[in-house]
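See structure below.
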Amino acid sequence: MGINYEELDEKWQNKWNESKVFEAEPDGRKQILITAAWPYPNTALHIGHFLTYGTTDTYAKYMRMKGYNVLFPMGFHKTGTPVLAIAKRITAKEEEIIDDLTNIYHISMENIEKMSDPNFVAQYFSASVEHAMKKAGFGIDWRRKFTSIDPLFSKMVEWQFYKLKEKGYLVKGNHYLGWCPNENNAVGQHDTKHDVQPEIERIVMVKFRENDSDAAFACATYRPETLYGVTNLFINENEKYVLAEINGDKLYISKKVSELLSYQFDIKTIKEIEGNELKSKMAINPITNEVIPLLHGFFVKPDFGTGIVMSVPAHAPFDYVALKKLEKEGIAIPKEPYKQVIEIRGESDKNNIPSLVHLALFGWNDKSSSDIVERATKELYKKEARNGYMTVGDYAGMDEPAARTAITEMLKKENKALDLYVLINEEDVYCRCGTRVVVKQVNDQWFIDYGNKEWKEGVRNYLDKIRIYPEKMRHSYKMIVDWLDMKAAERAQGLGTKFPFNPDHIIESLSDSTIYMSFYTFSNILHENNIKPENLKGEFFDYVFNSKGDLEGVSKTTGIDSLIIDKCKKSLDYWYTFTSRHSASELIPSHLTMYIFNHVALFPEKFWPKQIVTNGMVIYEGEKMSKSLGNVVPLTDALKKYGADPLRMNIVANSDLGMDSDFREASVNGIKSRIEYLFAFVENLAATRNMGTNEGLKNIDFWLYSRLSKKIKTATELFDDVMIKSAYDEIFYNSVNELKRYNEMGGSNKIVLEEYITEVIKMLTPVMPHISEELWHMLGNNSLIVNEKWPVANESLLNPQLEVYENIIDATAIDITHTIDLTSKMQDNKGKKIEKIKIIIASEWKLDAYNVLAETKKISEAITRAGKDKEKTAKFLSQFKNPKELVGRLDLNMKEMQNSFNEVKSFFENKFNSEIVIESENESTSGRSARALPQKPSIEIIWK
RNA sequence: GCAGGGAUGGCAGAGCUUGGUCAAAUGCGCAAGGCUUAGGACCUUGUGUCUUAGGGCUGCGUGAGUUCAAAUCUCACUCCCUGCACCA
């Protein structure tokens, strides 16, 4: 049987649309506002995006059925450079992007050409995303849609920044970033060749005075604590150096560096000097005041740091190797022994310096490549950082990392060192234009100060009150709240809201999206009433968010009708007191934590986040999705190919929160076959529905009821914790299995079946809304199932006792299968057929003794209560060496046990194609009867 | 480097909070049989190892420890993944 999913999807999507079920307005019900991170329209959606949005929608549909008035809105994030970047790359006719758009997303050449206009890019893809979301069956209230560059929304962002400044959370500071000297632009990851992120690190530039002048040699170092062990400086004799004035100091640096550093310091070159000439000079160690020589270091790079390196042969393998090399060339080098200043706990080779010890570790000799030296260096640095402590100087005894910080601070305080920012990427970083990227210092930048102590404290305290799913992520939030610090808030290029205190810049794109969810609660009201941006003055937001001022006054200042303002405020009050925020977990370190911070800063506590749900990412057939692997599947293609519901099931219900969802095409088939089973089942049930039997309920019926109640209970608990996969294992997979088992075991009560399937279909609705609607209507209902109530478990139908018997029957069936298998191989049974199978149920006294044991966990008690059968009871019970292993009460009852087995007798006869005899141990003549255990009947296979 | 998370059977992934019911759920893969015009669809059974009656042995990164008992608790080690700021 084939199901036309595409037709089915469209049919029900139209119905929902017509009846506006997902357009939410405040009413008397309890409410929830569910938002997902808004998509960035620089590309179409692919199945990787589906997990977040699908999970959000599934949860929204669940909450609807639980009786909540659910608002699930959506907007688009257009801020920043990616949209511009697409337009730029299209304008430059970059083949790669044109190929992607054509081959992956099937976009026509005509439309691609239009994409040289960034507005068209954003407009095209937001329409495409919206279309895909509708095809997926998402219950979104599209009336509230807005984008991050809408003028109305910008007014709110402006208000936000005025408030942040008022509170002192907006501060000025210096900022270091990757910079293209050619284009005069900040360079981020997508502005570089090969998309590398320029990595900037702060290191220390230590000044070594020249012994006979007021100039100094600037040495860049990661390890100022080793200053005590410096024996000389290294320069590169083949390079040009300059003497330059930097921050009022006369410093020697390499010529190449002087160019690079001009973006960080004000540099005036005094004179040029050959590296070779520097070798005649002497320098003074700023800590020990020793006078040391300058020598040629083969490894000194003229374009990193300062082009001058301090030499610590005892602790830096490279320095040691360079000195040995010079020595071989007959050049005078500092005398050994080299001073050791750090010791590693647990390593005490007093006879050798650490750099030599570690070089030896990697088999170094004077013909070795620098690769070996590199490895020795890494190993030594790692050990010293972990277990090293200072052995000399004012900081002796201090752990190395602490000493490093302390010495750096001291040097800076005494004007013997300055901070220096360098790019630490292994390979040089180039801008797309081909120019090498440098570090630029930007002065007087605005930052959001997430390091602010009071603010942080407020967030930290509130964090405990937020419901976080999965709960295990709470720890991450805590760490990130503590770690978050100054965040640059303005940016020179890209789309977005103008920065209020520097209109040449825009507000950085993460920072303009921290409170936008609140805007959904009244964006439709603003649109409907044609409110103009100039009317959305700060007073409006002060009033709506913080109840500041009086309605009439605000209406007068803003020129907005007081009824409208009032409506906005009431809508916010209604929706924003219970919110659920959804995104992928990768946004925890950035967006989600900033989202909490900004709410705490700007709103009264009732509007602060109530719960945050994060999911993993989608992987495809076990592999990460990426363009280079060619496994990026556009969402619209997948929806068409598999149908919305099988896809929802296969991605959304394929993983619980906190782990990745592996999309496998093969599992779609399994899902589809179960869906088809349900269709056939419902069809069949509908056809015979009115022929309900009059027979009484059998054990198997009570079993099905018990399973149903338990299923509802478990699924509800799981769903409340957004454990969608686990919930659907129970609702979908297990239900199909139970129906099959019910049928096999001779269950046939139509009324029971109808009740069961109805509740199951309701529970399927959140993840498979289209299929559920169809099945619901096949069952003769006219309402929309998305409007139905989520089932409530009928606890009185829970029957664990009955399930115990059913489990015993199951286990017995398995044992019989095993036993047949084994006995068929026996010599005596070769060529024979099974005549009959005896199932021998243990004697009543065994059941009694076992029950007592299960209840009391005491063998002695069971023996005492056994009365006249003490002796055989003791013997029987002795096999349960550890009564504690028996969990809970079993209350096995002879009659019920026999009834249960009798009910499935004909099923067993069919299954094993043999006569089945059910007897009790007492009446049995079988030699195996004594083996019968209470929870495990004895089995005898009789071959003939 | 800093921070966080993880290591379970051929693979993916439960279980580990509250140690025993765990040879270890579920799904995939694989094997055999069935169904079928056919099937990559579906159904049944099997899938560490030994075993001619439902049993035993080994086993959950490595090493040690706690315990009558450890995948589960403690410690050390090794390896892996993710994020690190202007990038959405």
Side-chain angles (χ1 to χ4, degrees), chain A residues 37-40 42 77 79-83 85 175-178 186-191 195 197-201 222 378 381-382 385-386 401 424 442 445 447 450 471-473 475-480 482-492 494 508-511 513 585-591 594 616-617 619 621-622 654-656 658-660 662 664-667 669-670 672-674 676-677 725-726 729 733-734 740 811-812 814-830 881-882 884-888 911 928 931 933 935-941:
Chain A
W38 50 4
Y40 199 91
N42 66 334
H77 191 203
T79 312
T81 48
V83 163
H175 186 216
Y176 296 85
L177 41 79
V187 179
Q189 182 165 353
H190 53 250
D191 304 312
D195 278 339
Q197 173 69 41
E199 288 178 70
I200 295 168
E201 197 170 88
Y222 287 100
K378 277 202 173 136
Y381 282 18
K382 195 166 122 186
R386 206 179 280 177
I424 53 159
V442 187
Q445 280 274 294
F447 288 81
Y450 292 113
E471 173 62 32
K472 67 173 178 183
M473 297 312 261
H475 186 60
S476 297
Y477 286 93
K478 277 194 177 141
M479 295 321 239
I480 288 151
D482 284 347
W483 162 86
L484 215 58
D485 201 5
M486 303 274 265
K487 164 85 186 164
E490 54 180 313
R491 186 114 170 78
E508 183 275 322
S509 61
L510 283 179
S511 304
S513 299
S585 54
E586 60 183 2
L587 293 186
I588 294 174
S590 54
H591 166 72
M594 290 161 60
M617 51 191 231
I619 47 180
E621 302 286 349
N654 188 29
S655 68
D656 278 322
M659 83 177 74
D660 296 338
D662 189 3
R664 285 176 191 269
E665 185 156 17
S667 45
N669 296 324
K672 282 191 173 175
S673 88
R674 285 177 177 84
E676 283 170 17
Y677 178 90
K725 176 201 191 296
S726 302
D729 280 350
Y733 295 102
N734 288 353
K740 287 181 180 174
T812 306
I814 291 169
D815 282 347
I816 291 174
T817 312
H818 281 162
T819 310
I820 289 175
D821 204 36
L822 283 164
T823 50
S824 66
K825 292 179 196 153
M826 290 168 83
Q827 211 51 256
D828 287 357
N829 298 331
K830 284 274 152 68
K881 292 185 191 95
N882 192 346
K884 282 180 190 158
E885 286 178 22
L886 304 173
V887 276
K911 187 177 169 85
R928 301 190 56 79
R931 292 182 64 106
L933 296 178
Q935 80 291 17
K936 204 165 187 175
S938 176
I939 300 158
E940 184 174 19
I941 318 284

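Since the structure is predicted, the reported quantities are computational estimates derived from the model, not experimental observations. Below, all heavy atoms of this structure are taken into account, side chains as well, without hydrogens, waters or symmetry copies.
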Query raised in the report: Of Thr812(A) and Lys725(A), whose nearest nucleotide on RNA chain B comes first from the 5' end?
Result: Lys725(A)
Report task. Using the P atom as the reference point in each nucleotide, state the distance between G63(B) and U17(B) in Å, no decimals. Result -> 23 Å
**Report entry** Spacing of the P atoms in G34(B) and C16(B) (rounded, Å)
**Finding:** 42 Å
Requested in this report: Would you mind classifying the nucleic acid contact of Pro937(A) as base, sugar-phosphate or nothing, using non-hydrogen atoms under 4.0 angstrom?
Outcome: base
**Report entry** Main-chain N/O of Asn734(A) paired with Asp729(A) side-chain donor or acceptor, under 3.5 Å
**Finding:** no
Requested in this report: Have a look at Val187(A) and say if it touches a base, only the backbone sugar-phosphate, or nothing, with a 4.0 Å heavy-atom cut-off.
Outcome: sugar-phosphate
**Report entry** Whole-Å distance separating the CE atom of Met594(A) from the P atom of C84(B)
**Finding:** 13 Å
Report task. Write down the distance separating the P atoms in G83(B) and G33(B), rounded off to the nearest Å. Result -> 48 Å
Query - Atom P, compared across A64(B) and U47(B): separation rounded to whole Å - result: 32 Å
Report summary line: To the nearest angstrom, the CD1-P distance between Ile619(A) and G13(B) comes to 7 Å
Query raised in the report: OP1 or OP2 of G54(B) less than 4.0 angstrom from a side-chain nitrogen or oxygen of Arg928(A), does that happen here?
Result: no
Query - G13(B) and G27(B), which share atom name C1', separated by this distance in whole Å - result: 8 Å
Query raised in the report: What is the nucleic acid contact for Ile941(A), judged by heavy atoms within less than 4.0 Å: base, sugar-phosphate only, or nothing?
Result: base
Requested in this report: Pick base, sugar-phosphate or nothing for Leu177(A), based on heavy-atom distances below 4.0 Å to the nucleic acid.
Outcome: nothing
Report summary line: Of Ile200(A) and Asp815(A), the one whose closest nucleotide on RNA chain B sits nearer the 5' end is Asp815(A)
Requested in this report: Identify which nucleotide among C86(B), A53(B), C42(B) has an atom closest to any side-chain atom of Thr819(A), counting heavy atoms from C-beta outward.
Outcome: A53(B)
Requested in this report: Report the distance from atom CD of Gln445(A) to atom P of C86(B), rounded to the nearest whole Å.
Outcome: 11 Å
Query raised in the report: Touch check for Glu940(A), heavy atoms < 4.0 angstrom, all strands: base, sugar-phosphate only, or nothing?
Result: base
Report summary line: Closest to the side chain of Arg674(A), out of C86(B), G54(B), G27(B), is G27(B)
Query raised in the report: Expressed as a whole number of Å, how far does the P atom of A24(B) sit from that of U49(B)?
Result: 15 Å
Report task. Write down the distance between CH2 (Trp483(A)) and P (C2(B)), rounded to a whole number of angstrom. Result -> 15 Å
Query raised in the report: How far does the C1' atom of A23(B) sit from the matching atom of G15(B), given to the nearest Å?
Result: 14 Å
Query - Nearest listed nucleotide, side chain of Ser509(A), among A53(B), A88(B), G5(B) - result: A88(B)
Requested in this report: Classify the angle between the aromatic ring planes of His175(A) and Phe447(A) as parallel (below 30°), tilted (30 to 60°) or perpendicular (above 60°).
Outcome: perpendicular
Report task. Determine the contact category for His77(A): base if any of its heavy atoms lies under 4.0 Å from a base atom, sugar-phosphate if only primed atoms, P, OP1 or OP2 are that close, otherwise nothing. Result -> sugar-phosphate
Query raised in the report: OP1 or OP2 of A88(B) less than 4.0 angstrom from a side-chain nitrogen or oxygen of Thr81(A), does that happen here?
Result: yes
**Report entry** Sugar-phosphate, base or nothing in reach of Ser938(A), heavy atoms under 4.0 Å
**Finding:** base
Query raised in the report: In whole Å, what separates the C1' atom of C30(B) from that of G10(B)?
Result: 8 Å
Query raised in the report: Taking the side chain of Met479(A) as its heavy atoms from C-beta onward, which of A3(B), C84(B), A88(B) lies nearest to it?
Result: A3(B)
Query raised in the report: What's the OH-C1' distance between Tyr733(A) and C28(B), to the nearest Å?
Result: 11 Å
Report summary line: Listing for RNA chain B: consecutive Watson-Crick or G-U pair runs of at least 3, distance cutoff 3.5 Å, ranges ordered by first number, gives B:1-7 with B:78-84, B:10-12 with B:26-28, B:29-34 with B:42-47, B:48-50 with B:55-57, B:61-65 with B:73-77
Query raised in the report: Touch check for Ser590(A), heavy atoms < 4.0 angstrom, all strands: base, sugar-phosphate only, or nothing?
Result: base
Report task. Could you tell me the separation between the OH atom of Tyr381(A) and the C1' atom of C2(B), rounded to a whole number of Å? Result -> 18 Å
Query - Interatomic distance, Asp656(A) CG vs U26(B) P [rounded to whole Å] - result: 16 Å
Query raised in the report: Do Ser511(A) and Glu508(A) get their side chains close enough for a donor-acceptor pair, meaning under 3.5 Å?
Result: yes
